[in-house]
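This report refers to the structure that appears directly beneath it.
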Amino acid sequence: MTRGNPLPIILKFTLPLLIGNIFQQFYNMVDTIIVGRFVGPDALAAVGSTGTIMFLVIGFSQGMSTGFTVLTSQRFGAGDENGTRRSVANGIILSIFVIGFMTLISLTFMRTLLRIMNTPQNIMEDAYTYISIICIGIFANVFYNLFSSFLRSVGNSRIPLVFLVFSACLNIMLDLIFVINFKMGVAGAAWATNVSQGTAAFLCIIYITRKMPVLTPERHHWKLHEYDTKIQLSVGIPMALQFGITASGTMIMQSAVNLFGSVAVASNTAANKFQSMVIQGMIAMGQTMATYSGQNYGKGDIGRIRRGVRLALTTEVIYAVVCSIVVVLGLPYALRLFFSGNVDLAEILPWAKTYSYLCAAFYIPLGTIFIFRNTMQGCGYGLLPMLGGVVELAARLVTATLAMKLLSFPLACACDPAAWLSAALFTGISYVYVIKKVEKKLVC
């Protein structure tokens, strides 16, 4: 990613990520569709009510481990093969500690967290069952994202996509078997997710050890190296905290939505899943910019980073407008995927429209967040992106508090737009500061 016209390179790298992200969304989206259609709206609400907790627990773990791969990208860009292998070994060891810690903490406090979030009593047990099993499988999610990030850090975004497509198809098959044939309910959907993601992680390991010697550590690399640990934690911890802080904000929003009952929760869940699928291009572009900026930072080409960011922003704005149109026009059709024919969609649609239409108006600032945040992280600056998460949290907290105080569902839905607009302003200003600092550092 350090040579040639930046735009075709960025788009070529983003496309497999986009497809991969869409298939990754299938993991939880298929769970909600099959559970909603074959178990019932309450089960759909139960799975949906845990989505923000999944984002917190898995996002924190994933953010930490993904941050560990930034050093790999920088060393690969600098042509340091021995350092690249050493960073891989160090990242794997650190990730094992992260997995153990997050699994223990999440299982210990899960029921308490569900109560704090105002989870309706009629869906409490199903919600607890689903999220507890997902937490047992944290290791599968983290290792897939870790190894796929290692592959992307050296410019290979195709192979993680192939394995992800396979595991997504496996997830669908297992969902149908566990939920419909074995009548396992929400537990079956959770186990299907864990097994599928574990399979994707295993396939990545096999490919790396056989085909990617630059990512295959040797025996003497398998220990914690003080310098690598310091660098990886300095990026990984802020990225994890950023995920955690952002997730905390979405949990506050979910707490406000939960006050309006299981119908509102189910409607919001379906609308949110549809939106998550549509905006994956923004997320993929951000992931591309982390690798792009990391490799060019390692090479010392600040001008190329600037050009890449400008082109990525232009692409994101166009994509955001298209997303808004798709969400507004496609929502009524998307909802039919989540509910069986005996559910009155006329009751569901108004709740879903309120959330979706408010969010669609703010997709442009959302897209800029991914570009600025990931570019700064790719250059090794994790603090300001993390503080952007704090800004999001504050905006959601204020909006959700007002929503709960006034019992206003539109205000509860406005939590996301408020967070996106606030964070976009903060990360945009932060990017300008960071890029000037990087330029001085590389010139000196």
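Of all non-hydrogen atoms in V265 and Q254, the two that sit nearest each other are CG1-NE2, 4.0 Å. Looking at every heavy atom in both residues, R152 comes nearest to P160 through NH1-CB, 4.1 Å. A pairwise comparison of heavy atoms in L107 and S132 identifies CD2-O, 3.6 Å as the closest pair. In terms of heavy atoms, G281 sits closest to Y319 at N-OH, 3.1 Å. When all heavy atoms of A403 and A412 are compared, the closest pair comes out as CB-N, 3.3 Å. Shortest non-hydrogen contact noted between R304 and R3 is NH2-O, 3.0 Å.
Side-chain contact check for L7 versus T315: some heavy-atom pair is nearer than 4.5 Å. In this structure the side chain of W420 reaches within 4.5 angstrom of the side chain of R396, judged on heavy atoms. Side-chain contact check for V309 versus F372: some heavy-atom pair is nearer than 4.5 Å. In this structure, the side chains of M102 and I105 stay at 4.5 Å or more apart for every pair of heavy atoms. Between L114 and I53, the closest side-chain pair of non-hydrogen atoms falls below 4.5 Å. For the pair I136 and T103, the minimum side-chain heavy-atom distance is 4.5 Å or more. Side-chain contact check for L146 versus F150: some heavy-atom pair is nearer than 4.5 Å. V327 has its side chain within reach of Y363: a pair of non-hydrogen atoms, C-beta onward, lies under 4.5 Å apart.
Proximity of a side-chain donor or acceptor of S73 to a complementary backbone N or O of V70 within less than 3.5 Å is not detected. A donor-acceptor pair under 3.5 Å is absent between the side-chain atoms of D126 and the main chain of A43, judged by distance alone. Q295 contributes a side-chain N or O that, together with a main-chain N or O of S153, makes up a donor-acceptor pair within less than 3.5 Å. The main-chain N or O of N268 is never found under 3.5 Å from a side-chain atom of N272 such that the two would form a donor-acceptor pair. Here the side chain of Q74 pairs a donor or acceptor atom with the backbone of G378 at under 3.5 angstrom. In this structure, the side chain of S167 does not engage the main chain of A200 through any donor-acceptor pair within 3.5 Å. One N or O on the side chain of T229 and one on the backbone of H225 form a donor-acceptor pair closer than 3.5 Å.
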Exercise for review: Just do the side chain to side chain contact (heavy atoms under 4.5 Å, CB included) check on T72 and L215 with the steps written out, would you?
Suggested key: CA-CA 9 Å; T72 305; L215 294 176; 4.0 Å; yes

Check your understanding: Passes side chain to side chain contact (heavy atoms under 4.5 Å, CB included), V278 versus F274? Steps please.
Key -> CA-CA 6 Å; V278 171; F274 176 50; 3.8 Å; yes

Review point. After noting the C-alpha distance and the side-chain angles of V47 and K273, does the key distance pass the side chain to side chain contact (heavy atoms under 4.5 Å, CB included) rule?
Key: CA-CA 11 Å; V47 172; K273 295 302 178 188; over 6 Å; no

Practice item. Assess whether side chain to side chain contact (heavy atoms under 4.5 Å, CB included) is satisfied between N194 and W191, documenting all intermediate values. Key: CA-CA 5 Å; N194 289 346; W191 282 117; 3.9 Å; yes

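Note that CH2 of W351 is 14.0 Å distant from CG of L335, once rounded to the nearest 0.5 Å. For the atom pair I131 CD1 and R111 CZ, the distance stands at 13.0 Å (nearest 0.5 Å). Between the CG atom in N296 and the CG atom in D301 there is a gap of 5.5 Å [rounded to 0.5 Å]. Atom OG1 of T50 is separated from atom CD1 of I123 by 9.0 Å, given to the nearest 0.5 angstrom. Atoms CZ and OG, on F362 and S324 in that order, are 10.5 Å from each other to the nearest 0.5 Å. Here CD1 of I134 is found 8.5 Å from CG of N141. Values are rounded to the nearest 0.5 Å.
Donor-acceptor pairing under 3.5 Å is lacking for the side chains of T375 and S293.
Between F143 and F147, the ring centre distance stays below 6.0 Å.
Atom CZ of R306 sits in a crowded spot, with more than 12 heavy atoms from other residues, nucleotides or ligands closer than 6.0 Å. Heavy-atom neighbours of K299 NZ from other residues, nucleotides or ligands within 6.0 Å: above the threshold of 12.
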